[in-house]
Amino acid sequence: MHLAMTVEWNVLGQVVLVSVLLTVVLVGLFSVGIRTAGRASATAAARPLGLVSFALCAAAVGYGIWIVAT
């Protein structure tokens, strides 16, 4: 029996594109978090922005784990 394998290139391209874009967004959010919440000289207004950035990163990672697990 001959099993033919077909690759849906447009779907593969979408997966690669979304992966790259989300990686850039997550690294950017984490960088904002480090820059604002991680500094001792951060202002009182900047610290919550950093904590929200960390929370969004954690939520995105948790969502990714949930997608893989289900």
Side-chain angles (χ1 to χ4, degrees):
M1 177 164 49
H2 178 18
L3 297 175
M5 182 175 161
T6 58
V7 176
E8 295 185 31
W9 292 104
N10 59 342
V11 176
L12 181 62
Q14 288 176 356
V15 169
V16 169
L17 180 65
V18 168
S19 298
V20 169
L21 289 176
L22 286 179
T23 300
V24 169
V25 168
L26 278 178
V27 168
L29 277 174
F30 195 79
S31 298
V32 167
I34 288 175
R35 203 140 160 103
T36 56
R39 297 182 119 184
S41 63
T43 63
R47 192 166 302 266
L49 175 65
L51 296 177
V52 168
S53 297
F54 287 140
L56 288 173
C57 286
V61 169
Y63 182 64
I65 291 171
W66 180 76
I67 287 175
V68 171
T70 57

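Here the structure is a predicted model, which is why all the values come from computation and not from measurement.
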Trainee: Using 0.5 Å steps for rounding, measure from the CG atom of L49 to the OG1 atom of T36.
Mentor: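 Output value for this atom pair is 4.5 Å.
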
Trainee: Within this structure, what is the CG-CG distance for the pair N10 and L17, rounded to the nearest 0.5 Å?
Mentor: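 Answer for the CG-CG pair, N10 versus L17, is 12.5 Å.
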
Trainee: In terms of hydrophobic clustering (I, L, V, M, F, W, Y; side-chain heavy atoms under 4.5 Å; direct or indirect links), are M5 and L12 co-clustered?
Mentor: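 Yes, because M5 and L12 connect within a single hydrophobic cluster, where side-chain heavy atoms sit under 4.5 Å apart.
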
Trainee: By side-chain contact (heavy atoms from CB on, under 4.5 Å), which residues pair with I34, not counting sequence neighbours?
Mentor: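 Scan of I34 (side-chain contact (heavy atoms from CB on, under 4.5 Å), adjacent residues dropped) gives F30, F54.
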
Trainee: L56, L26: one ILVMFWY side-chain cluster at the under-4.5 Å cut-off?
Mentor: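 They do not share one cluster, since no chain of ILVMFWY contacts under 4.5 Å joins L56 to L26.
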
